[in-house]
Protein chains: 2
Amino acid sequence: MTAQPSLGAGFARHDHGSCIEDSLATAEAACAQARLQLTPVRRRVLEILLEAHRAMGAYDILERLRDEGLGSQPPVVYRALDFLTANGFAHRIERLNAFIACAGHKAGHAPAFLICRVCNRVAEAEIAPDAGELGRAATRAGFVIERTVREATGLCPACAEGGEA
Amino acid sequence: MTAQPSLGAGFARHDHGSCIEDSLATAEAACAQARLQLTPVRRRVLEILLEAHRAMGAYDILERLRDEGLGSQPPVVYRALDFLTANGFAHRIERLNAFIACAGHKAGHAPAFLICRVCNRVAEAEIAPDAGELGRAATRAGFVIERTVREATGLCPACAEGGEA
DNA sequence: GATGTAATGTTATATAATCACACTTGGAGT
DNA sequence: ACTCCAAGTGTGATTATATAACATTACATC
């Protein structure tokens, strides 16, 4: 879980600098709208996730915060991450016990993730909440879905092409 | 993660005693076939999972093993779980950091899970490997899927009916 | 019976997450 | 201005989950 420079969402290159600013601005607007407080710690954690543009472990983030004097104990980062994930600004990747900034932020969406096991980059894909066989299976079983986890591990285009494994 | 008596797969009642025996027999046959060793520890861990018939944490299982003198340190249970999951006899539920016996065991299947957040029971549903939007998203992105995680959290029929939350 | 491989035993440690409680701050009501 | 409350933060300790590293055993094969 080392921090490295990165390419983009969907494994495609894009204008990274502006995407950070845009996302932050969107988050700020959304918070103002919903009377949520994007406090310094919360804002900085989101920013760190946006800059990394890949999944980061809570303790990796904490290390950065510590360097910057913004907090030094685990609860600091976990509280910020709780806030960010609860409000859709970031997502938890269960498979990695890690977190990633939300790409796109449409309210109430059900994201799916493609995780490259080599370069560790993560792409986010939008998916209808109860779509697909998971939803059908739930209906069949009389199960009420509240949240879904859809994560695929494998090889991203770049890593699949180069020496894979 | 306390062990409790339970009902069944798919949240439906079924003959539990025989389902344990059947699954164990199937596992034994499969191991014999594939020249895999279903050693005492491995067999017992599978049995524990089958009896619980719900997701169990590794340390819950370890506690049982310890009581029975079958092993007392974490690596014991993790190695057994690695074996069982690698060979399709059990599955890891990422969302819960827990494990569950496989219901059905068809080779090379891609299971999905319905997890009740109240009673903690888990139902397993069979799903085509790259089916659905996750597969389509991967194709679009040029991503090679090796493994998928599909887990839905919510309310099982019984808990949805009674006082939910 | 020497050798190789798979499995197990055991100690220590790494990694992830939460609890519990004190403190600060900024607004609402008076 | 004062009190109160709620949200957020600081901090130390603890719990939960998982792996590393290395010694030992068990068994098959030659």
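Remember, predicted model here, so these are calculated numbers, not experimental data. Lettering follows sequence order; numbering is per chain, from 1.
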J.: Hey, does A/R147 have a side-chain heavy atom less than 4.5 Å from the side chain of A/V149?
T.: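 The answer is yes; the side chains approach within 4.5 Å.
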
J.: Nearest whole angstrom, please: distance from the P of D/dA18 to the CD1 of B/I93.
T.: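 Checked: the CD1 to P distance equals 12 Å.
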
J.: Please report the interatomic distance CZ(A/F143) to CZ(B/F113), rounded to the nearest 0.5 Å.
T.: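 It comes to 12.5 Å.
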
J.: For a quick check of understanding: with a heavy-atom distance under 4.0 Å over all strands, which category does B/R35 fall into, base, sugar-phosphate or nothing?
T.: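 No contact.
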
J.: Start at the 5' end of DNA chain C and walk down; is the nucleotide closest to B/P40 or to A/Y78 reached first?
T.: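 The 5'-side residue here is B/P40.
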
J.: Using only modelled atom types and a 3.5 angstrom limit, is any donor from either the side chain of A/Y59 or the base of C/dA14 paired with an acceptor on the other?
T.: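 For A/Y59, whose side chain was compared with the base of C/dA14, there is no donor-acceptor pair (under 3.5 Å).
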
J.: Do B/F83 and B/C31 have side chains that approach each other closer than 4.5 Å (heavy atoms only, starting at C-beta)?
T.: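 In short, these two side chains touch, coming nearer than 4.5 Å.
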
J.: Step through the shown structure and confirm whether more than 12 heavy atoms of other residues, nucleotides or ligands are within 6.0 Å of CD on A/E68.
T.: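 More than 12 heavy atoms, drawn from other residues, nucleotides or ligands, come within 6.0 Å of this atom.
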
J.: With a 4.5 Å heavy-atom cut-off, do A/N97 and B/N97 have their side chains touching?
T.: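 The answer is yes, as the side chains (C-beta and beyond) meet within the 4.5 Å cut-off.
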
J.: Return the value, rounded to whole Å, for the distance between atom CG of B/D82 and atom C1' of C/dA6.
T.: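 From B/D82 CG to C/dA6 C1': 14 Å.
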
J.: Rounded to the Å, how far apart are B/Q73 CD and D/dT17 P?
T.: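 Taking CD of B/Q73 and P of D/dT17, I get 17 Å after rounding.
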
J.: Within the modelled atom types, does a donor on one side and an acceptor on the other bring the side chain of A/R42 and the base of D/dG8 under 3.5 Å apart?
T.: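 No pair found.
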
J.: Would you mind telling me which of D/dT11, C/dT10, D/dA18 lies closest to the side-chain atoms of B/S72?
T.: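 My answer, after comparing the listed nucleotides, is C/dT10.
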
J.: From C/dA17, D/dT19, D/dA18, pick the nucleotide closest to the side chain of A/R92?
T.: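 Selected nucleotide (nearest to the side chain): C/dA17.
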
J.: Choose from D/dA18, C/dA7, C/dT10 the nucleotide whose nearest atom is closest to any side-chain atom of B/V76.
T.: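 Between D/dA18, C/dA7, C/dT10, the one nearest the side chain of B/V76 would be C/dT10.
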
J.: Check the distance between C/dA17's P and A/E94's CD and give it to me in whole angstrom.
T.: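 Whole-Å distance recorded here is 9 Å.
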
J.: Take the protein atom CZ of A/R66 and the nucleotide atom C1' of D/dG12, then report the distance between them rounded to whole Å.
T.: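 It works out to 13 Å between those atoms.
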
J.: Where each residue is assigned the nucleotide of DNA chain D containing its nearest heavy atom, which of A/Q37 and A/R79 is assigned the position nearer the 5′ end?
T.: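 With A/Q37 and A/R79 compared, the 5'-side residue is A/Q37.
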
J.: Closest to the A/T39 side chain: D/dT9, C/dA17, D/dA18?
T.: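 Per side-chain heavy atoms of A/T39, the pick is D/dT9.
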
J.: Expressed in angstrom and rounded to an integer, what is the separation of A/N97 atom CG from D/dA18 atom P?
T.: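 Spelled out: CG on A/N97 to P on D/dA18 is 8 Å.
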
